[in-house]
Amino acid sequence: MSDPAPFFLTTAIDYANGEPHLGHAFEKIGADVIARYQRQAGRAVHFLIGMDEHGQKVAQTAEARGVAPHALVDEIAASFRAMWARLGISYDQFIRTTTAEHQEGVRALIARIFERSPDDFYEKAYEGWYCVGCEAFKNDAELVDGKCPLHPTRELQWTRETNWFFRLSRYQPFLERLLRERPAFCQPESRRNEILGLLAQGLEDVSASRSRFSWGVPFPRPTSDGETQTTYVWFDALPNYLTATGFPAAGYEARWPAQLHVIGKDITRFHCVIWPAMLEAAGLPLPERVWAHGFVQLGGERFSKSAGVKLELGEAIDRFGPDAFRYFLLREVPFDGDGNFSWERFEERYTADLANALGNLASRTVAMVEKYCDGRVPAASDAAVLAADAADLAAYHAAMDGSRGYLLHEGLAALWQVVFRANAYVQERQPWSLSKDPARRDELEAVLGTLVRQLAPVAVALAPFMPAKAQELWESLGGAGRAEDVRFAAVAALDPTGWRVHKGAGLFPRPEPPRPAA
RNA sequence: GGCUGGGUAGCUCAGCUGGUGAGAGCGCACGACUCAUAAUCGUGAGGUCGCGGGUUCGAUCCCCGCCCCAGCUACCA
């Protein structure tokens with residue numbers, strides 16, 4: 001067999017300026033499902049996540065708290081990693097932009113652009129109103145009565161600063177061709193349309209360095225007056241995907257280019273415009289695809305710390321456990337658009353989908369195999385039912401494998417069709433009636449054999465979403481080893497005949513125990 | 001303002017290039033069953049398919065106008 005095809009996927013690196021929240025979690029969970037799915041599809045997956053730890057805000061926060069920036073970002077990175085461990089995020093690599101390796105990679109990338117495309121960096125004086133309070137330039141649209149709305153008591157200063165600029169405008173034709181010839185480069189389609197609209201307006205050059213803060217990567221070339229500036233955000237943050245491969249050290253080509261960048265829709269522009277232009281300027285291959293997911297809103301509103309619109313991640317995870325939380329987010333929030341988190345929907349979905357539909361199906365199936373077949377899975381099955389399931393499993397893969405994008409919510413919906421069919425099948429065949437008639441023993445065994453053959457593929461297909469619960473289900477059916485180690489290609493040949501089922505504690509206990517009738 | 005997408009049952013949404021009675025899940029009501037986690041299965045609700053025109057034998061799906069919502073309109077990472 002040939003070597004498995006590589007699948008290098010990344011998420012946006014998270015800005016080290018606060019604790020992980022629901023938005024961070026949604027992206028990591030979605031990317032984790034894709035990573036786990038691709039592993040089971042047989043790809044050689046490398047899953048990268050990490051932290052963006054430079055920039056003015058980090059330095060300011062550290063100062064305000066009276067700690068060194070390094071100490072601050074160490075603490076925040078630890079907090080993120082703890083959260084990802086709790087959510088079962090199966091990343092292979094965790095990159096931090098403050099490491100020496102990343103910084104050297106950034107400088108090498110910039111040096112390479114200077115070398116390959118010498119005209120792409122140039123010095124330019126930037127003039128504008130500078131707010132000392134924000135430590136940032138303000139454009140006219142941001143001003144209120146000629147003052148910074150955040151610091152109205154301070155006078156704005158008309159300031160002139162010379163920076164390195166990147167000639168992004170030069171790449172407009174290149175980018176237009178890229179999006180036209182490779183529509184999958186920027187997905188979903190709605191985001192690609194936005195980028196096409198942006199390109200139609202014309203691109204302006206962007207600054208690549210700043211002189212007013214130092215918590216960052218020193219720009220490799222001093223300005224003509226001898227000043228060494230600090231690399232500006234996109235030239236520091238975006239290259240993490242590349243520096244994670246070891247670039248520029250030999251061997252990075254084994255991993256680069258990435259197959260997939262999973263990002264939030266708010267940073268589509270940086271990933272679908274600036275990043276490919278940078279890579280092209282450096283003469284490096286482009287990633288295969290950028291997937292921009294939407295946002296999880298709370299009660300129909302966007303997060304807002306100031307308005308108190310936020311969710312305690314830990315509380316949500318504790319409600320029904322990490323797997324149920326993963327399931328809920330990806331079932332309820334379409335991965336190509338926005339969705340909503342509410343406690344009410346969470347409990348509804350948990351009860352209806354997990355406890356009643358799937359959990360109870362597993363429970364009744366295992367109980368009947370124990371009761372009627374001494375716990376051994378019979379050899380017989382119903383081909384018509386399994387054929388119908390096969391169509392749903394195909395729909396699951398079509399939603400998951402990237403061929404139509406990454407429609408994780410549709411993948412789950414397809415899987416639940418199998419669950420619904422199995423429950424209806426039980427009702428239709430009534431194995432408890434069959435069990436009373438010895439002459440119908442064959443029928444009884446076929447029904448129970450079918451149910452296990454319906455659930456086993458569900459356990460395998462569910463493993464990317466709910467790794468721990470899928471394993472519990474797999475073991476209760478009597479499957480050997482780990483569900484997540486079962487390749488999708490091997491599912492069709494799976495033969496549960498003779499498996500020994502185990503009645504477990506119950507996959508998804510109901511939220512409130514039933515009360516005895518009064 | 002411009003561009004993109006959307007307004008379909010109480011909620012979340014499917015409805016491919018126009019055509020027999022407009023769908024799914026959840027929730028709700030009633031019925032059935034008892035293997036199972038008081039779970040499951042079936043049936044139902046009578047939704048102006050945003051509003052007004054138009055094209056057509058016929059439009060939720062095409063065209064025009066209008067109303068409403070969301071996103072984008074580049075230095076926050």
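In what follows, every chain begins at residue 1, and chains take the letters A, B, ... in the order their sequences are listed.
- In this structure, A:Leu198 places its CG atom 11 Å from C1' of B:rC3, rounding to the nearest Å.
- Of the P atoms belonging to B:rA24 and B:rA14, the separation is 16 Å, rounded to the nearest Å.
- Residues passing the side chain to side chain donor-acceptor pair (under 3.5 Å) test with A:Trp164: none are found, sequence neighbours excluded.
- One C1' atom belongs to B:rC33, the other to B:rC41, and the distance between them is 8 Å to the nearest Å.
- If you take atom P in B:rG7 and the same atom in B:rU17, they sit 14 Å apart, rounded to whole Å.
- Using a 4.0 Å heavy-atom distance criterion, A:Asp236 is classed as making no nucleic acid contact.
- In summary, A:Glu194 and A:Lys265 do not engage in a salt bridge, as defined by a charged side-chain N under 4.0 Å from a carboxylate O.
- In this structure, CG of A:Asn340 is placed 13 Å from P of B:rC11, rounded to the nearest angstrom.
- Atom CD of A:Glu189 is separated from atom P of B:rG5 by 9 Å (rounded to the nearest Å).
- At a threshold of 4.0 angstrom between heavy atoms, the contacts of A:Arg210 include nucleobase atoms, whether or not backbone atoms are also involved.
- The distance from atom NZ of A:Lys265 to atom P of B:rU4 is 18 Å, rounded to the nearest whole Å.
- Across all strands, A:Ile274 comes closer than 4.0 Å to no nucleic acid atom at all (heavy-atom distances).
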Residues 325-334 of chain A side chain polar contacts: donor-acceptor under 3.5 Å, at least two apart:
unit_1: A:Arg326; atom_1: NE; unit_2: A:Phe465; atom_2: O; d: 2.8
unit_1: A:Arg326; atom_1: NH1; unit_2: A:Asp32; atom_2: OD2; d: 2.9
unit_1: A:Arg326; atom_1: NH1; unit_2: A:Leu87; atom_2: O; d: 2.8
unit_1: A:Arg326; atom_1: NH1; unit_2: A:Gly88; atom_2: O; d: 3.4
unit_1: A:Arg326; atom_1: NH2; unit_2: A:Asp32; atom_2: OD2; d: 2.7
unit_1: A:Arg326; atom_1: NH2; unit_2: A:Pro464; atom_2: O; d: 3.0
unit_1: A:Tyr327; atom_1: OH; unit_2: A:Asp353; atom_2: OD2; d: 2.7
unit_1: A:Glu332; atom_1: OE1; unit_2: A:Arg345; atom_2: NH2; d: 3.4
unit_1: A:Glu332; atom_1: OE1; unit_2: A:Arg349; atom_2: NE; d: 2.7
unit_1: A:Glu332; atom_1: OE1; unit_2: A:Arg349; atom_2: NH2; d: 3.4
unit_1: A:Glu332; atom_1: OE2; unit_2: A:Arg345; atom_2: NE; d: 2.8
unit_1: A:Glu332; atom_1: OE2; unit_2: A:Arg345; atom_2: NH2; d: 3.3

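- Listed nucleotides: B:rU37, B:rG71, B:rC75. Nearest to the side chain of A:Arg510: B:rU37.
- If A:Gly55 and A:Glu332 are placed on RNA chain B by their nearest nucleotide, the residue sitting closer to the 5' end is A:Glu332.
- Look at the C1' atom in both B:rA74 and B:rC62: the space between them is 36 Å, to the nearest Å.
- Here, B:rG54 and B:rA59 have their P atoms 12 Å apart, quoted to the whole Å.
- Counting heavy-atom neighbours within 6.0 Å of A:Asp437 CG, excluding the residue itself, gives a total above 12.
- Picking from B:rG71, B:rG5, B:rG2 the nucleotide with the shortest atom distance to the side chain of A:Asn193 gives B:rG5.
- The list of salt bridge (Lys or Arg N to Asp or Glu O under 4.0 Å) pairs with a residue in residues 411-423 of chain A, not counting sequence neighbours, reads A:Asp389-A:Arg421, A:Asp392-A:Arg421.
- At the heavy-atom level, A:Trp416 lies nowhere under 4.0 Å from the strands shown.
- Geometrically, A:Arg319 does not engage A:Phe346 in a cation-pi contact defined by less than 6.0 Å to the ring centre and at most 45° from the axis.
- A salt bridge links A:Arg441 with A:Glu445; the closest basic N to acidic carboxylate O contact falls under 4.0 Å.
- The salt bridge (Lys or Arg N to Asp or Glu O under 4.0 Å) analysis of residues 49-65 of chain A, with sequence neighbours excluded, yields the pairs A:Glu53-A:Arg96, A:Arg65-A:Glu75.
- Residue contacts for A:Leu507: at a heavy-atom cut-off of 4.0 Å it reaches a base atom on one of the strands shown.
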> Would you write out the dot-bracket form of RNA chain B, 5' to 3', with Watson-Crick and G-U pairs under 3.5 Å, [ ] for crossing pairs, | for pairs to other strands and . for unpaired bases?
Replying inline: (((((((..((((.....[...)))).(((((.......))))).....(((((..]....))))))))))))....
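- Rounded to whole Å, atom C1' of B:rC76 lies 9 Å from atom CH2 of A:Trp234.
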Show me the protein contacts with nucleotides 32-35 of chain B, counting only N or O atoms at under 3.5 Å.
unit_1: B:rC35; atom_1: O3'; unit_2: A:Lys371; atom_2: NZ; d: 3.4
unit_1: B:rC35; atom_1: O2; unit_2: A:Arg364; atom_2: NE; d: 3.2
unit_1: B:rC35; atom_1: N3; unit_2: A:Arg364; atom_2: NE; d: 3.4
unit_1: B:rC35; atom_1: N3; unit_2: A:Arg364; atom_2: NH2; d: 2.6
unit_1: B:rC35; atom_1: N4; unit_2: A:Arg364; atom_2: NH2; d: 3.0

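- Partners of A:Phe121 according to the ring pair (Phe, Tyr, Trp, His ring centres under 6.0 Å) rule, which considers only residues two or more places apart in sequence or in another chain, are A:Phe114, A:Phe166, A:Phe219, A:Phe235.
- B:rA22 and B:rG47 have their P atoms separated by 11 Å, with the value rounded to a whole Å.
- Using a 4.0 Å heavy-atom cutoff across all strands shown, A:Leu196 reaches no nucleic acid atom at all.
- As rounded to the nearest Å, B:rC26 and B:rC16 have C1' atoms that lie 26 Å from one another.
- Partners of A:His293 according to the side chain to side chain donor-acceptor pair (under 3.5 Å) rule, which considers only residues two or more places apart in sequence or in another chain, are A:Glu27.
- Using a 4.0 Å heavy-atom distance criterion, A:Gly197 is classed as making no nucleic acid contact.
- Rounded to whole angstrom, the span from the CG atom of A:Leu451 across to the P atom of B:rA39 amounts to 20 Å.
- A perpendicular orientation is assigned to the rings of A:Phe26 and A:Phe335, their planes being inclined by more than 60° (bins at 30° and 60°).
- Partners of A:Trp432 under the ring pair (Phe, Tyr, Trp, His ring centres under 6.0 Å) rule, at least two apart in sequence or in another chain, do not exist in this structure.
- No contact: A:Gly504 has no heavy atom under 4.0 Å from any strand.
- Remark on RNA chain B: of its neighbouring residues A:Gly202 and A:Ala16, the 5'-side contact belongs to A:Gly202, judged by nearest-heavy-atom nucleotide.
- Remark: P of B:rU12 and CG of A:Leu407 are 20 Å apart, rounded to the nearest angstrom.
- Of the C1' atoms belonging to B:rG21 and B:rG58, the separation is 16 Å, rounded to the nearest Å.
- Under the side chain to side chain donor-acceptor pair (under 3.5 Å) criterion, A:Arg500 pairs with no residue at all, not counting sequence neighbours.
- Protein atom CD of A:Gln201 is 8 Å distant from nucleotide atom C1' of B:rC3, rounded to whole Å.
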For nucleotides 23-30 of chain B, tabulate all protein N/O to nucleotide N/O atom pairs closer than 3.5 Å, reporting atom names and distance.
unit_1: B:rC26; atom_1: O2'; unit_2: A:Glu348; atom_2: OE1; d: 3.3

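- Contacts of A:Trp215 classified as ring pair (Phe, Tyr, Trp, His ring centres under 6.0 Å), with partners at least two apart in sequence or in another chain: A:His54, A:His70.
- As judged by a 4.0 angstrom heavy-atom cut-off over every strand, A:Tyr15 is placed among residues touching the sugar-phosphate backbone only.
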